[in-house]
Amino acid sequence: MASSLSQTVFFSILLLLSLHQASAKKTHLHFYFHEILSGPNATVMTVVNPSNNTNSFTFGAIAVIDDLLLEGQDDNSTLIGRAQGLVGAVGRDGSLESMLNFVFTKGKYNGSTLAIYGRVVQGVTIERPVIGGTGMFRMATGYSVAKPVDISATKLVYEFDVYVWHKKMKDN
């Protein structure tokens, strides 16, 4: 009896999940994330540095970011939004944890956001989950893939592909 009840609950949950997936809209976004590391237009600032060494971002450090989301790799590409959030140095191996909101300010998704959370290892392809959204991206789930395209002492540029399933809205 208990076994058949659990099977019924299990299959009901699977049915609801498949109905949600079938009613969701899939969107693919492609853009470039530009982080300026220093100078008057820096888009990242270390707010906690436990080592008191201002030249490194080591275990225990926390930074805030307000990075650029551009249509292209070039610095003069059209600005489509900002990546705003926190980054913490959580691993003694140099790995980071990022909590970001992609805030779209131009085009079809103007006023909408996507929340991205996950582990970062600099210089390699990074995959992180999409854990929510607002506006056109209400009820968002999905993932992002970020590939490094330009890493230097003054900036980081990543090419982003974001695959998101979200509630169908009248405007999309």
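All values below were derived from every heavy atom in this structure, side-chain atoms included, with hydrogens, water molecules and symmetry-related copies excluded.
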Between T105 and N110, does any side-chain donor sit less than 3.5 Å from a side-chain acceptor?
no

Under a 4.5 Å cut-off applied to non-hydrogen side-chain atoms, are V120 and E97 in contact?
no

For the CD atom of Q122 and the OG atom of S95, what is their distance to the nearest 0.5 Å?
10.5 Å

Looking only at side chains, do H30 and E71 share a donor and an acceptor under 3.5 Å apart?
no

Gap separating the OG1 atom of T113 from the CZ atom of R138, nearest 0.5 angstrom:
10.5 Å

Quick one: do F33 and V164 end up in the same hydrophobic cluster if we chain Ile, Leu, Val, Met, Phe, Trp and Tyr together by side-chain heavy atoms under 4.5 Å apart?
yes

Do you know the tightest heavy-atom contact between H34 and T43?
O-OG1, 4.2 Å

Going only through I, L, V, M, F, W and Y residues with side-chain contacts under 4.5 Å, is there a path from L96 to I62?
no

Using 30° and 60° as the class limits, which term best fits the ring planes of H28 and Y163: parallel, tilted or perpendicular?
parallel

Within this structure, what is the CE-CD1 distance for the pair M99 and I65, rounded to the nearest 0.5 Å?
10.0 Å

Testing the 3.5 Å rule here: is there a donor-acceptor pair between the side chains of H166 and T27?
yes

Under 3.5 Å, is there a donor-acceptor pair between the S38 and T154 side chains?
no

Ionic contact status for R128 with D161, cut-off 4.0 Å:
no

Of the non-hydrogen atoms in L86 and V64, which two are nearest, and what is the gap between them?
CD2-CG1, 3.5 Å

Compare all side-chain heavy atoms of I80 with those of Y109 and state whether any distance is below 4.5 angstrom.
no

Tightest non-hydrogen contact, residues F59 and V90, listed as CE1-O, 3.1 Å

Considering all heavy atoms of both residues, which atom of A140 and which atom of G133 are nearest to each other, and what is their separation?
CB-N, 4.0 Å

Decide whether V87 and V121 are clustered together by the hydrophobic rule: side chain heavy atoms of Ile, Leu, Val, Met, Phe, Trp, Tyr closer than 4.5 Å, transitively.
no

Pairing of R82 and D67 as salt bridge, 4.0 angstrom limit:
no

Under 4.5 Å between side-chain heavy atoms, hopping through other hydrophobics if needed: is there a path connecting V103 to F31?
no

S77 pairs by side-chain contact (heavy atoms from CB on, under 4.5 Å) with which of L70, L68, L69?
L70

Calculate, to the nearest 0.5 Å, the distance between atoms NZ and OG1 belonging to K167 and T141 respectively.
14.0 Å

Separation between CG of L114 and CD1 of I131, rounded to the nearest 0.5 Å:
10.5 Å

Looking at M136, is its backbone amide N or carbonyl O close enough to the side chain of S112 to form a donor-acceptor pair, meaning the two atoms are under 3.5 Å apart?
yes

Between Q84 and N101, a side-chain donor and acceptor under 3.5 Å:
no

Can you name the nearest heavy-atom pair linking T46 to V48, along with the distance?
CG2-O, 3.3 Å

Are the side chains of F137 and L29 in touch, meaning some heavy atoms are under 4.5 Å apart?
yes

Please confirm whether the ring centroid of Y32 lies under 6.0 Å from the ring centroid of Y158.
no

Same apolar cluster: F102 and V44, side chain cutoff 4.5 Å:
yes

State, yes or no, whether a side-chain contact exists between D150 and K155 at a heavy-atom distance under 4.5 Å.
yes

Taken in chain and number order and not counting sequence neighbours, the residues that satisfy side chain to side chain donor-acceptor pair (under 3.5 Å) with Y143 are none

Would you check if E35 and V157 make a side-chain contact, meaning some heavy-atom pair closer than 4.5 Å?
no

Determine the minimum heavy-atom distance between G85 and L100, stating which atoms define it.
CA-CD2, 4.3 Å

